[in-house]
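To keep things clear, I will list the structure first and then write my remarks on it.
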Amino acid sequence: MSDLNKLTIADARDMLRAKKVSAKELTADCLTAIDAADALGAYVHKTPELAMDQAAAADARLAAGDAPDMCGIPLGIKDLFCTKGVESQSASRILQGFKPEYESTVSQKLLDAGTIMLGKLNMDEFAMGSSTETSAYGNAVNPWKIDDRDLTPGGSSGGSASAVAADLCLAATGTDTGGSIRQPAAFTGIVGIKPTYGRCSRWGIIAFASSLDQAGPMTKTVRDAAIMLEAMSGHDAKDSTSADIAVPNFEAMLTGDIRGKKIGIPKEYRMDGMPAEIEKLWGEGTAMLRDAGAEIVDISLPHTKYALPAYYVIAPAEASSNLARYDGVRFGHRATLAAGDGITEMYEKTRAEGFGHEVQRRIMVGTYVLSAGFYDAYYNRARRVRALIKKDFDDVFAAGIDAILTPATPSAAFGLGEMTDADPVAMYLNDVFTVTVNLAGLPGISVPTGLNSDGLPLGLQLIGRPWEEGDLLNTAYALEQAAGFVAKPNRWW
Amino acid sequence: MSIDTAIAAKVAKLARIRVEEDALPALAEEFNTILGFIEQLNEVDVEGVEPMTSVTPQRLKRRADVVNDGDQQDKVLKNAPDAREGFFAVPKVVE
């Protein structure tokens, strides 16, 4: 057999258990695909030897029987996850050469389940961006192409999205602070779920905005997302915000039966200037869920408009605090100092050299909104608005809504470099449909549902009740089945 | 309010990021664009609304007040740009 890298997790699991393939064969095919795909810029640190060792261990475990679902599954890991002994740089120069002495809880859980790490995946620097263009490694590229332009795979988990869409792994980890799993998933025609805040431990994931960050799987199908999310989830004493709530068997909840479910369509997501193709996609998705037996309900989330401005206070504020640790003392880059330079010059030069432009800008915006005299006007006001945004969702869920259907992104993937001259706010608008979910701590999933007139993938987002990822995944499964999205990018790389 | 180059310089200083003099006007302009966007929040009536502290209403877990970690000096120093004799080394801090 060949092209085993194109398998889904579910199919690979079944074939591994039936001894039709080995983890070593699966891994070898992925490694071959990775080496032929450097043009995509998806993998930034390859770990082929480690992967083959892990594959051998997985095969032994499979032979002994009683292996978990994820045993023998080759994955790509976003560079934001600390992986023991393997470069973990958050796509930043300031963490050049950093090799953690420890493993993040989520990646450890995946290793404990028998998965294989193929390497580390490209991303926006410190997960700040929507196009993977702020990466210190250079751009990640979308495997989807319609003309001679290179398109963005989205961001910040752009390397993860590119790798999954191009079959350079069976699935990948992502993280999502304002849309960083769901937007790239939509841009590349794959599935990405951000679980409820607290479902996955944040320990060992390089922090951006701690009250918003969540890890999640990026996969080829909804079923794979269900399988992988279960392996990533669970309480961790090392993250005080991780929830001590039982993790259900999400896959077992995929019945495809959504009869009688109430799906909310929020009128505030119908933005001015929304492209016709997004409007059309949303209408089609609504019809698919109605045809599957769901009840469609018009709802209102009145504070939606204020989510992005609130996010661009809260996220930079938390980032300015979290990124204060990069001081050139304990890890990563330290600037070369001139004679007579003291510790302040060391900090200032190190941070100026180490952080890219967007990261510097967000740290400074965060510093400003937290500074004396502005804390109440900006930071506290944003946290009040955040409470209102969460209340909007609480109210519709209390009224019986099971899930909310929205577009995932305001457009299809755009060309790399096309946003360079735009003001920063134009790039921020990419997250207009996803950022509310982070502010409210809810689970959200992006499901590929169609192609635009140019042939690029588009996704819809479903938003669920807190801790009800199983129900959300089932609704996503019904949408996936109805949409029947099977398109793949034509290989050009 | 509008950010001028003096405020931009002060913010850069507070953030401990060196910004060269000639880069300050562009930085101030970017701040103004972003803060202009954020100003929309002033339209919202937040009277009587408490600032959110935790997105999930949970009580943080407690643990026994005992030492549960330590003796990892080598690991802690492993990634330091300059470590000497079991310590992080930095430029002179006090005259």
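Chain letters run A, B, ... following the sequence lines, proteins first and then strands; every chain starts at 1. Every heavy atom of this structure was used, including side-chain atoms; hydrogens, water molecules and symmetry mates were not.
Per-residue counts of heavy-atom pairs under 4.5 Å with chain B were compared for A:His357, A:His333, A:Lys391; the largest is that of A:His357. Between chain A and the residues B:Leu60, B:Leu27, B:Ile17, the largest count of heavy-atom pairs under 4.5 Å involves B:Ile17. Per-residue heavy-atom pair counts under 4.5 Å with chain B were compared for A:Gln360, A:Lys305, A:Arg361, A:Lys349, and the maximum is reached by A:Arg361. In terms of heavy-atom pairs under 4.5 Å with chain A, the best-connected choice from B:Val76, B:Val90, B:Leu14, B:Val19 is B:Val90. Contact tally against chain B (heavy-atom pairs below 4.5 Å) for A:Val385, A:Val329, A:Thr196: the top residue is A:Val329. Annotation: maximal heavy-atom pairing with chain B below 4.5 Å, among A:Arg334, A:Arg351, A:Arg330, occurs at A:Arg330. Taking chain B as the reference chain and counting heavy-atom pairs below 4.5 Å, the highest number among A:His303, A:Glu353, A:Arg384 is found for A:Arg384.
Proximity to chain B is absent for every atom of A:Pro466, based on heavy atoms less than 4.5 angstrom apart. Contacts of A:Ala382 with chain B are made by both backbone and side-chain atoms, with heavy-atom separations under 4.5 Å. Contacts of A:Asp327 with chain B are absent, with no heavy-atom separation under 4.5 Å from either backbone or side chain. With a threshold of 4.5 angstrom between heavy atoms, B:Ala83 does not approach chain A through any atom at all. Proximity to chain A is limited to the side chain of B:Lys78, based on heavy atoms less than 4.5 angstrom apart. Interface residue B:Glu50: only backbone heavy atoms are found under 4.5 Å from chain A. Both the backbone and the side chain of B:Phe37 come within contact range of chain A, judged by heavy atoms closer than 4.5 Å. No part of A:Tyr379 comes within reach of chain B, as not one of its non-hydrogen atoms sits under 4.5 angstrom from that chain. Residue contact with chain B, scored on non-hydrogen atoms closer than 4.5 Å, is absent for A:Ser320. Within the 4.5 angstrom heavy-atom criterion, only side-chain atoms of A:Leu337, from C-beta onward, approach chain B. Looking at A:Asp423, only its side chain comes within 4.5 Å of chain B, counting heavy atoms on both sides. Neither the backbone nor the side chain of B:Ser54 comes within less than 4.5 Å of any heavy atom of chain A. Contact annotation for B:Asp45: only backbone heavy atoms (N, CA, C, O) come within less than 4.5 Å of a heavy atom of chain A.
Atom-to-atom distance recorded for A:Arg199:CZ and A:Trp467:CH2 is 6.0 Å, nearest 0.5 angstrom.
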Could you go through the side-chain hydrogen bond (donor to acceptor under 3.5 Å, both in side chains) check for A:Tyr378 and B:Glu39 one step at a time? CA-CA 8 Å; A:Tyr378 289 112; B:Glu39 295 292 334; 3.1 Å; yes

Between A:Thr177 and A:Asn438, does a side-chain hydrogen bond (donor to acceptor under 3.5 Å, both in side chains) hold up when you go through it step by step? CA-CA 6 Å; A:Thr177 304; A:Asn438 301 77; 5.7 Å; no

Which is it for A:Cys82 and A:Glu103 under the side chain to side chain contact (heavy atoms under 4.5 Å, CB included) test, yes or no, and what are the steps along the way? CA-CA 6 Å; A:Cys82 284; A:Glu103 186 80 25; over 6 Å; no

Apply side chain to side chain contact (heavy atoms under 4.5 Å, CB included) to A:Tyr368 and B:Phe31, showing your working. CA-CA 9 Å; A:Tyr368 181 74; B:Phe31 284 165; 6.0 Å; no

Does A:Ser201 form a side-chain hydrogen bond (donor to acceptor under 3.5 Å, both in side chains) with A:Asp236? I'd like the steps, not just the answer. CA-CA 6 Å; A:Ser201 169; A:Asp236 176 15; 2.6 Å; yes

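Taking the six-membered ring for Trp and the full ring otherwise, the centers of A:Phe331 and A:Phe98 sit less than 6.0 Å from each other.
Checking side-chain atoms of A:Thr434 against main-chain N and O of A:Asp431 turns up a donor-acceptor pair under 3.5 Å. Under the 3.5 Å distance criterion, the side-chain polar atoms of A:Gln214 are left unmatched by any main-chain donor or acceptor of A:Tyr197. No donor-acceptor distance shorter than 3.5 angstrom exists from the side chain of B:Arg18 to the backbone of A:Met346, with no hydrogens or angles considered.
Relative orientation of the A:Phe355 and A:Tyr326 rings is perpendicular, given thresholds of 30° and 60° on the angle between their planes.
Contact check for A:Ile363 versus A:Pro316: no side-chain heavy atoms found under the 4.5 Å cut-off.
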